[in-house]
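See structure below.
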Amino acid sequence: MNNTVRISVVGLVFATLFAVLGIRLWTMQITEVHAYEVRAESQQVRVVYTPAPRGNIVDVNGVKLAGTRSALAAVVDLALIDDDEIDSLAENLGALLNESASGIVEQLSVDNRGLQITVAKDLTDAQAMFLLEHREDFAGVTVIPQPIRTYPFGDLAAHVLGYIGRPNDEDLEREDVDGTDFVGRAGVERSYDAQLQGTEGIVQYRVDARRKVLSLVREAPPTAGGSLILTLDSRVQEQLQQSLRDGLIQARLLEMQEREGELEGLSRSQRIAEALSEARREAAGTSDTPTETTSTIASVGVDDDDVARGPEPITVDAAEVLGPLYPGLPIDSEGVCVPVQRVAIPLGGEGMLSGIEPRFVRLDSIADMDGELVATVSISGVKTAVGANDWVDDERQVLQVLQLTEDEIILWHKDPWCPVRATGVILNPNDGSVIAMSSFPTYDPTIFVDGLSTEQWAALGTVSAFQNFAVQGLYAPASTFKVVPYVLAVEEGFYPLDRGRGDKEVGEESNEVPVPLRTDTDEYFCGGEFKFTLNDGTVQTKRDWIYPGSHGLLDLHGALEKSCDLYFWDLALRLWQERNDDSNIDKENLLQEWSRSFGFGTATGIDLPFEKSGLIPDRTWFSDQQDKETGRVRDGPWVGGDLMDIAVGQGAVLTTPLQLANGFSAMVNGGTVWQPRVVSQIINADGEVIDENPREVVARVDLDPRTVRMLREDLQTVVRSGTARSAFDGFGDNVELVGGKTGTGEVIKSSQDFKQVDNALFVGVAPINDPKWVVAVVVERGGGGSAVAAPIARQVLQYLLNGPEGVTELAPGLETD
Amino acid sequence: MSLRTRHRPTSVRMKDEPFKPDLVLVLTYLAISAIGLLMVYSATAPGLEASGKDPAAELRSQAIFVVIGFIIFGVVSTIDLVELRGFAGPIYIAAVVPLILVLTPLGESERMAQRWLPLGPIQFQPSEFAKIAVILMVASLLAAAEVPLKWNTVARILVVVGIPAALIFRQPDLGTTLVFVFVVLVMLFVGGSTMRQLGFLFVAAVVGTVGVFQLNIIKAYQITRLTAFIDPDSHSLDATYNQVQSEIAIGSGGLFGKGLFEGSQTNLQFVPVQSSDFIFTAVGEQFGFIGSAIVISLFGILLFRLLIIAGSARSRFAFLVTIGIAAMLAFHIFVNIGMTVRIMPVTGLPLPFMSAGGTVFVALSASLGLAHSAWIRRNSPVGE
């Protein structure tokens, strides 16, 4: 090889290398140029979204129940500061915001340099001004306006409004939602979230590699969301909430008075002290754990010397024993009626459980068994071993282990007799509009704006304060449900067979009631006990609430007025017995069909989230439950007794308070079942209507106008002289315009050692000749409907009929059904 | 065929005027340097301006070195390589001593490597001059050797190259070490080594590379830097950020580029150390494929001229020196531009005559001057 050849080879190598570069440049700059352009562009534009103010929520009169306030937020753009600047910046911010500098350092110490961190959501004007005037001390901090949700009336209509919070995974699937947004999590805030959201504003900046802003590319201001116009009247709502709250307090007082009566003359503090020292004696005698632990329990208000002479001194701290209490609800200072408790007990300590007779739980020991903690607790001296999440009492399921650590146990306890909640709905029966809706305990949605503290969550969550029980609570409608077999009887001409003799004049306007209807209301002997024969020939007995008393002779009207169970049981029994006759009516399901026609057993379709559908049971459902082994039904076949239970709103029948109000509405308005609604219109910032939620008919039940009129009359009789009479004593003017039906739903049957637990219900209608309002009230575990629920409805109806001055003080009615 | 000490150019017309410069070479060199200055300015001005400094500050300091480089080029062009050959040994020693010094505490460290020696106010990078010294030394040894080369000649050359290469590798500066490898291979090839020798060296290089990796002589970050370019997404941002940004800049330039001072990547400083190692991104983004092709073509012309000069060199020593210098420049150009378009790892080799950096510009100007002197004296009688 000569030099020329060797040089040429070298030249060829060089040429090859250069060709490689050329080809690579060609691919990048000619073939794939677009992809590179996109990448270049995207990293040079910084997009900042400005949140849109949520739409307002106003009541029917334009009163703003939820609004938006423009707050000034301090935001640190991490891209604009260096790591070594964080400390001094945090110090300055801490001093300005009156927070710890280390907390701010922690906030700012995140990996993602592209983030903007909000260090203060709501600056005062002075703070904002100071920030802007001392920019050199606050490098990287910008002050930006940020809308903040406000609820000017606190807990007013909280369950209808709902609350907002950070989106969950499901929310994030929506296109218009990202992780930094707030979305509605309950109430209309949730169901109308898309309309309330508005459109985020967008600001695009051109930035350099250090993310320094160079120029503004595009700016679009945010568009506020639409405002909801509710059907609610906040004045009525306020009255309903007040009455529910007062009614629940009264129910508790009644319960406690009753307990006092059962304490055989001893004062409660004596009784507690006695139970406590007994528990201690047993613990000392049977437990091998050291007993010198300082007890944080306490018993409450004990000043009796007996206790002080006990084996150890007792420290008394009511709050610790009782756990978090409802906000705003007074509790008996001795703590004997707490519906739901969270009780934390340290090792060797004791806690007191609310109940007819307070029980004491002692945490004896905690052992580690194969990696799982097992605690030994003694309840009134009886020892039980429990693990995390176990029921301590499998039978009644009122005491459960919430949390178990090496030195502490947290128990969840339910006092079955203590009234837990009062729920009410007021509907306009002529279009399904909700005029007021609430349940107590409730909450102030504002607490969600700042983020809920653990304590708030525990306190309110324990009593399910965040749930809207008007649409989510399922209750046996009990005697209020008797209007369904009542309407069935009149419309189908179907009455108990075993009637007495003799005609009865019905009301003053009986002349207007046509003869066939009247003759079918023959009197019926409504005793305290109902004996009937089953298919297999055995004779069973059901007892009316009035047992051992008797209602005497009653017709259909009287049966509703006095809430006679027998009449409706007998009606159902006849349906059952004739179920296989040759008529073409399906008598076995006739009652269910009538129930369902008024909307029971199906969700009403109201524009609120999480609505429950309730249940009207029948043979199909029954056997279906057996097949699926849900444990909700007993063994054996569907029997006549089941149908009889439906007739009086017991058994498996479940309705929501809203369904009750809506069903009554349909019956008293002539048969139109409306779809209830809380929002009527959505308007934009200029007040133009952008969306409507018009009243909507779900179904029309073909009712004889005479049936409707008769039912109204009889509902009035219930108030005038029937089961609700005592509750409406002293109503004042217009009491003749009020009708209603009481109900007492059995939650737990009484037994030898267990006092019966009842829900109290009342559904009221006014004015009865031309109904404008239907009020449904349920007091959970409240006791008798006439005693506890009717007085609440009475106050509300007084307000509606006679104005605020017409409302008289709450007083319990007499116990009836 | 035997090689003679006197060579006649075959493709270039003989000139009677002995001191006539190679105008194409000089003009190409000046053009590349001028484009380099413009690029340095476009890459640094916006950042300097944004931080409130004189936007031309970097341009000015680079321009000073460019002027010094021009002068050095001119001066060196007049050196008679034949006379210089006698000084190859002392120059070699003078170049190796600072390489040792730079590893002592006297050396200054920048970006985890000790490459600089402070000389009063100026910093000095000894490895740049070591390249020239080694080329001179190797050329001197090869020129004196019999063709085809004997194994012991090859061994001596390997020792001569190995000492500075190892010292530079210790700094650590892998890129420059590889320059030595490439240059010596090319010089041995043209210097008359046999194919067996080259084959052996190739195998040795492979074994050596594997050994270097296996014995953990290379630091982890170096391996990452060397391999990260293959799959930039799988590595931390630091390892690949430069290359990814550089690639985006060049790719988004398109056919005609975004225009001078319109390069968003360049002017918004998305590409770090752009004015030095990544100067080519400024060309690619602002002038597109056309501009890149022009710059690469200028380098091509430069190398072509160097090969012509080599072919016409009057002495074997000059021939070898010119080839060595051409190989060194070619390697720099390919590895540097290859790095900016992500087909080569990040090695820190500058782009000749364009990357900002004083020592490099001056050193490369000097080496180009040496090659140029071979051209100027191609017809003069051998004065040995």
Side-chain angles (χ1 to χ4, degrees), chain A residues 1-46 78-80 82-83 111-114 136 139 204-215 217, chain B residues 1 3 7 10-11 46-47 50 186 189-192 244-245 247-255 257-258 263-265 267-272 284-285 288-290 292-293 296-297 299-300 303-304 306-308 310-311 313 316 319 323 326-327 329-331 333-335 337-338 341-343:
Chain A
M1 265 194 281
N2 65 20
N3 277 356
T4 317
V5 175
R6 293 205 181 218
I7 289 172
S8 305
V9 170
V10 171
L12 202 65
V13 170
F14 291 177
T16 311
L17 294 178
F18 275 48
V20 168
L21 292 180
I23 291 166
R24 174 67 179 163
L25 283 165
W26 177 272
T27 4
M28 284 168 64
Q29 297 186 302
I30 310 294
T31 319
E32 292 171 13
V33 60
H34 184 66
Y36 287 110
E37 277 171 355
V38 170
R39 286 172 73 181
E41 192 59 38
S42 68
Q43 66 176 358
Q44 285 152 18
V45 174
R46 181 179 180 82
L78 288 182
L80 302 182
D82 292 329
D83 284 340
D111 276 342
N112 191 341
R113 302 287 294 169
E136 66 284 357
Q204 284 181 323
Y205 298 104
R206 237 171 114 65
V207 296
D208 65 10
R210 308 186 131 199
R211 305 218 136 245
K212 212 173 127 192
V213 175
L214 302 173
S215 63
V217 178
Chain B
M1 170 200 259
L3 290 166
H7 297 263
T10 46
S11 57
V186 171
F189 171 70
V190 295
V244 169
Q245 291 300 338
E247 194 191 349
I248 292 173
I250 294 171
S252 61
L255 182 59
K258 298 174 186 168
S264 51
Q265 293 281 108
N267 296 328
L268 306 182
Q269 296 128 45
F270 278 94
V271 189
E285 187 184 26
F289 182 75
I290 304 277
S292 309
I296 289 180
S297 301
F299 279 120
L303 292 177
F304 177 72
L306 288 178
L307 294 182
I308 297 298
R316 184 165 156 76
F319 160 71
I323 287 288
L329 289 174
F331 191 76
I333 294 162
F334 177 73
V335 173
I337 298 182
V341 297
R342 209 168 55 78
I343 55 173

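Just so it is clear, the values below take in all heavy atoms, side chains as well, and ignore hydrogens, waters and symmetry mates.
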Open item on the list: Under a 4.5 Å cutoff for heavy-atom pairs, which residue among B:G288, B:G253, B:S297 has the most contacts with chain A?
Closed with: B:G288
Task: Interface residue of largest heavy-atom contact number with chain B, from A:V20, A:I30, A:T27, under 4.5 Å - done: A:I30
Open item on the list: Filter on salt bridge (Lys or Arg N to Asp or Glu O under 4.0 Å), then keep only pairs touching residues 9-18 of chain A, sequence neighbours left out; what's left?
Closed with: none
TODO: Under 4.5 Å heavy-atom distance to chain A, tell me which part of B:A326 shows up: side chain, backbone, both or neither.
DONE: both
Task: Validation row: A:V13, B:V186 side chains within 4.5 angstrom (heavy atoms) - done: no
TODO: Calculate, to the nearest 0.5 Å, the distance between atoms CG and CZ belonging to B:L307 and A:R6 respectively.
DONE: 15.0 Å
Open item on the list: Between B:I337 and A:R24, is there a side-chain heavy-atom distance shorter than 4.5 Å?
Closed with: no
Task: Donor-acceptor contact below 3.5 Å, side chain A:Q29 vs main chain B:G284 - done: yes
- [ ] Heavy atoms only: give me the nearest A:F14-B:A327 pair and the separation to one decimal.
- [x] CZ-CA, 3.6 Å
TODO: Return the option, out of A:E32, A:M28, A:H34, with the maximum number of heavy-atom pairs under 4.5 Å with chain B.
DONE: A:M28
Open item on the list: Is B:L303 close to chain A through its backbone or its side chain, or both, or neither, when contacts mean heavy atoms under 4.5 Å?
Closed with: side chain
Open item on the list: To the closest 0.5 Å, what do you measure between CD1 (B:I333) and CZ (A:F18)?
Closed with: 4.0 Å
Task: B:F289: ring-ring contact (aromatic ring centres under 6.0 Å, His included) partners, not counting sequence neighbours - done: A:W26
Open item on the list: For the NZ atom of B:K258 and the CD atom of A:E37, what is their distance to the nearest 0.5 Å?
Closed with: 7.0 Å
Open item on the list: Measuring only between side-chain heavy atoms, which start at C-beta, is B:F319 closer than 4.5 Å to A:I7?
Closed with: yes
Open item on the list: Nearest 0.5 Å, please: how far is CD1 in B:I343 from CG in A:L25?
Closed with: 8.0 Å
Task: Within-4.5 Å side-chain heavy-atom neighbours: B:V190 and A:N3 - done: no
Open item on the list: Counting only non-hydrogen atoms closer than 4.5 Å, does B:F299 touch chain A with its backbone (N, CA, C, O), its side chain (CB onward), both, or neither?
Closed with: both
